Participant: 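Here you go, one structure.
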Amino acid sequence: MENNLLDLILLSEKRKNVLLLLLEGPKDIVTIKKALNASATAVQPQVKKLKEQHLVVQEKNIYKLSEIGRVVVEKMKPLVDTLAVIEENANYWAEREVNEIPPILLRRISELGHCTIIEPQVEYMFEMIPEYVKNVRMAKELKVAISYFHPLFPSFYLEIAEKGIPISLVLPESILKRWVEDYREQTEQYLKKENAKLFVCTDCERIPAVVAADNFMAMALFPKSTVFDRKYVICFEPNALAWGKELYDYYEQRSEQIKNIDNYTHA
């Protein structure tokens, strides 16, 4: 059976983009061609095909989605957005463990929008990633789920807390034990800050590293077959920030707040 409507929408980038543009509201042909960076001769035949399939209607010189067109495009947009997120960094998503992301958030991965990959360069191999550090220091609020040990983390997040920035950290049990044993002084100083919270999660050994801030979100997933490499996806769109906060909250809700490391029996 021929899928004429499916082919009409998905086999032409211009038709797909016209539909997504009209989802924002009615447009004239000048606005459409300007938004798509295309000539009228390139756009008008595609609009005509969409009209013939009753997805688009024309009122004088204005084009808009028909009622059925709106139903189709509202269903189409999440798929298009999801494919865009995955295709932009296809190798990263294909090679990573995503099973620790709650299914409800994984289904909404389209909300991340445009993201880029940041990772340690050779000259910073044993340091923190400069772009990560820069964005954290610009944050006015910070929530971090930490999935791996880094010797600079205790002092770095203490520095953030000392600036008065509200900060919350979720640590797996094994990481908290390392902090308490090797960086006790910094950990105690951190806990003395009224704006700083520390949580331990007993079932979080391979969770993603998650940063949820007011200015960006970042996430580092464990590779499927290689050692942890500190590759992060970093995103800045408002929907991505909200998505990252939901992911952080998911792990915090599974955690216990630590207020005094002397009372932490596991350490």
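Since the model is a prediction, treat every value here as computed from it, not as a measurement.
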Participant: Measuring from atom CG of Leu83 to atom CD1 of Ile109, what distance do you get when rounded to the nearest 0.5 angstrom?
Facilitator: 11.5 Å

Participant: Give me the atom names and distance for the closest heavy-atom approach of Arg137 to Ile160.
Facilitator: CG-CD1, 4.2 Å

Participant: Could you please spell out the steps behind the side chain to side chain donor-acceptor pair (under 3.5 Å) verdict for Tyr250 and Glu246?
Facilitator: CA-CA 6 Å; Tyr250 172 78; Glu246 283 190 54; over 6 Å; no

Participant: Could you tell me whether the side chain of Glu162 and the main chain of Gly164 form a donor-acceptor pair under 3.5 Å?
Facilitator: no

Participant: Report the C-alpha separation of Lys51 and Tyr63 in whole Å, then their side-chain angles, then the decisive distance to 0.1 Å, and conclude whether the side-chain contact (heavy atoms from CB on, under 4.5 Å) test is met.
Facilitator: CA-CA 9 Å; Lys51 287 172 58 181; Tyr63 298 90; 3.9 Å; yes

Participant: For the pair Ser255 (side chain) and Val170 (backbone), establish whether a donor and an acceptor sit closer than 3.5 Å, ignoring hydrogens and angles.
Facilitator: no

Participant: Could you state the interatomic distance from CD1 (Ile167) to CG (Leu158), rounded to the nearest 0.5 Å?
Facilitator: 9.0 Å

Participant: Any ion pair linking Arg206 and Glu100 (charged N to carboxylate O, less than 4.0 Å)?
Facilitator: no

Participant: Would Leu79 and Leu5 show up in the same hydrophobic cluster when neighbours are defined by side-chain heavy atoms closer than 4.5 Å?
Facilitator: no

Participant: Flag yes if Val210 and Trp243 sit in one hydrophobic cluster, no otherwise; membership is Ile, Leu, Val, Met, Phe, Trp, Tyr, and two members link when side-chain heavy atoms are under 4.5 Å apart.
Facilitator: yes

Participant: Would you call Glu111 and Arg108 a salt bridge, using N to O less than 4.0 angstrom?
Facilitator: yes

Participant: Look at Glu173 together with Lys177 and state whether they make a salt bridge at an N to O cut-off of under 4.0 Å.
Facilitator: no

Participant: If two hydrophobic side chains count as joined below 4.5 Å and joins carry through other members, does Tyr232 share a cluster with Leu241?
Facilitator: no

Participant: Ignoring hydrogens, what is the shortest heavy-atom contact between Ile9 and Met76? Give both atom names and the distance.
Facilitator: CG2-SD, 3.0 Å

Participant: Between Arg230 and Glu119, is a salt bridge (Lys or Arg N to Asp or Glu O under 4.0 Å) present by the stated rule, with each step listed?
Facilitator: CA-CA 6 Å; Arg230 292 196 289 151; Glu119 59 183 307; over 6 Å; no

Participant: Roughly how far apart are Lys33 NZ and Lys14 NZ, rounded to 0.5 Å?
Facilitator: 13.5 Å

Participant: Taking the side chain as everything from C-beta on, heavy atoms only, tell me whether Leu65 gets closer than 4.5 Å to Leu55.
Facilitator: no

Participant: Less than 4.5 Å apart, side chain to side chain, heavy atoms only: is that true for Leu8 and Arg15?
Facilitator: yes

Participant: Closest heavy-atom contact between Leu112 and Glu237?
Facilitator: O-OE1, 4.3 Å

Participant: Has Asp203 got more than 12 heavy atoms of other residues, nucleotides or ligands less than 6.0 Å from its CG?
Facilitator: no

Participant: Yes or no on salt bridge (Lys or Arg N to Asp or Glu O under 4.0 Å) for Lys192 and Glu188, after CA distance, side-chain angles and deciding distance?
Facilitator: CA-CA 6 Å; Lys192 289 177 182 178; Glu188 288 177 337; 5.9 Å; no

Participant: Will you find, in the side chains of Gln257 and Lys197, an N or O donor that is under 3.5 Å from an N or O acceptor?
Facilitator: no

Participant: Examine the side chains of His114 and Glu88 and answer whether a donor and an acceptor come within less than 3.5 Å of each other.
Facilitator: yes

Participant: For a 4.5 angstrom cut-off between non-hydrogen side-chain atoms, does Val211 reach Ile234?
Facilitator: no

Participant: I need the Ser155 OG to Gln186 CD distance, nearest 0.5 Å.
Facilitator: 6.0 Å

Participant: Report yes or no: does Asn195 contribute a side-chain atom to a donor-acceptor pair with the main-chain N or O of Ala161 at less than 3.5 Å?
Facilitator: yes

Participant: Would you call Glu13 and Lys16 a salt bridge, using N to O less than 4.0 angstrom?
Facilitator: yes

Participant: Does the side chain of Lys224 reach to within under 4.5 Å of the side chain of Glu95, using non-hydrogen atoms?
Facilitator: no

Participant: Taking only Lys NZ, Arg NE, NH1 and NH2, and the carboxylate oxygens of Asp or Glu, determine whether Glu159 and Lys163 approach each other closer than 4.0 Å.
Facilitator: yes

Participant: Can you check whether Trp93 reaches Asn89 side chain to side chain, under 4.5 Å on heavy atoms?
Facilitator: yes

Participant: Would you say Leu152 and Met128 make side-chain contact, with heavy atoms under 4.5 Å?
Facilitator: yes

Participant: Could you tell me whether Lys27 atom NZ has more than 12 heavy atoms of other residues or ligands within 6.0 Å of it?
Facilitator: yes

Participant: I need the full list of ring-ring contact (aromatic ring centres under 6.0 Å, His included) pairs touching residues 196-223, with sequence neighbours left out, sorted by first then second residue.
Facilitator: Phe222-Phe228

Participant: Please check if Ile207 and Leu142 belong to a single hydrophobic cluster, counting links between Ile, Leu, Val, Met, Phe, Trp and Tyr side chain heavy atoms closer than 4.5 Å.
Facilitator: no

Participant: Quick one: are the ring centres of Tyr190 and Tyr157 less than 6.0 Å apart?
Facilitator: no

Participant: Check whether any side-chain heavy atom of Val18 sits under 4.5 Å from a side-chain heavy atom of Leu50, and report yes or no.
Facilitator: yes

Participant: For Asp229 and Arg96: C-alpha separation, side-chain torsions, deciding distance, then whether salt bridge (Lys or Arg N to Asp or Glu O under 4.0 Å) applies.
Facilitator: CA-CA 11 Å; Asp229 54 10; Arg96 303 284 145 169; 2.8 Å; yes

Participant: Got Tyr251 and Pro208 here, is their nearest side-chain heavy-atom distance under 4.5 Å?
Facilitator: yes

Participant: Calculate, to the nearest 0.5 Å, the distance between atoms CG and CD1 belonging to Leu169 and Ile175 respectively.
Facilitator: 12.0 Å

Participant: Could you report the tightest heavy-atom contact between Ser147 and Pro172, atom names first, then the distance?
Facilitator: CA-CG, 4.3 Å

Participant: Quick one: does any side-chain atom of Tyr92 pair with a main-chain N or O of Leu221 as donor and acceptor, under 3.5 Å?
Facilitator: yes

Participant: Determine whether Leu11 and Val43 fall in the same hydrophobic cluster, where Ile, Leu, Val, Met, Phe, Trp and Tyr are linked whenever their side-chain heavy atoms lie under 4.5 Å apart.
Facilitator: no

Participant: Do Phe153 and Tyr148 have ring centres separated by under 6.0 Å?
Facilitator: yes

Participant: Specify the closest pair of heavy atoms between Val200 and Ile258, including all atoms of both residues, with the distance to one decimal.
Facilitator: CG1-CD1, 3.6 Å

Participant: Would you check, one step at a time, whether the test side-chain contact (heavy atoms from CB on, under 4.5 Å) holds for Ile101 with Met219?
Facilitator: CA-CA 11 Å; Ile101 299 175; Met219 176 173 64; 4.1 Å; yes

Participant: Determine, for Asp214 against Lys143, whether the closest basic-nitrogen to carboxylate-oxygen distance falls under 4.0 angstrom.
Facilitator: no

Participant: Compare every heavy atom of Gly244 with every heavy atom of Met217, then report the nearest pair and how far apart it is.
Facilitator: CE-CA, 3.6 Å

Participant: Can you tell me how far apart OG (Ser110) and CD1 (Ile86) are? Round to the nearest 0.5 Å.
Facilitator: 9.5 Å

Participant: Should the heavy atoms of other residues, nucleotides or ligands under 6.0 Å from CD of Glu52 be counted, would the total exceed 12?
Facilitator: yes

Participant: Quick one, Ile118 with Tyr132, criterion side-chain contact (heavy atoms from CB on, under 4.5 Å). Give me CA distance, side-chain angles, the key distance, then yes/no.
Facilitator: CA-CA 8 Å; Ile118 59 172; Tyr132 178 97; 4.2 Å; yes

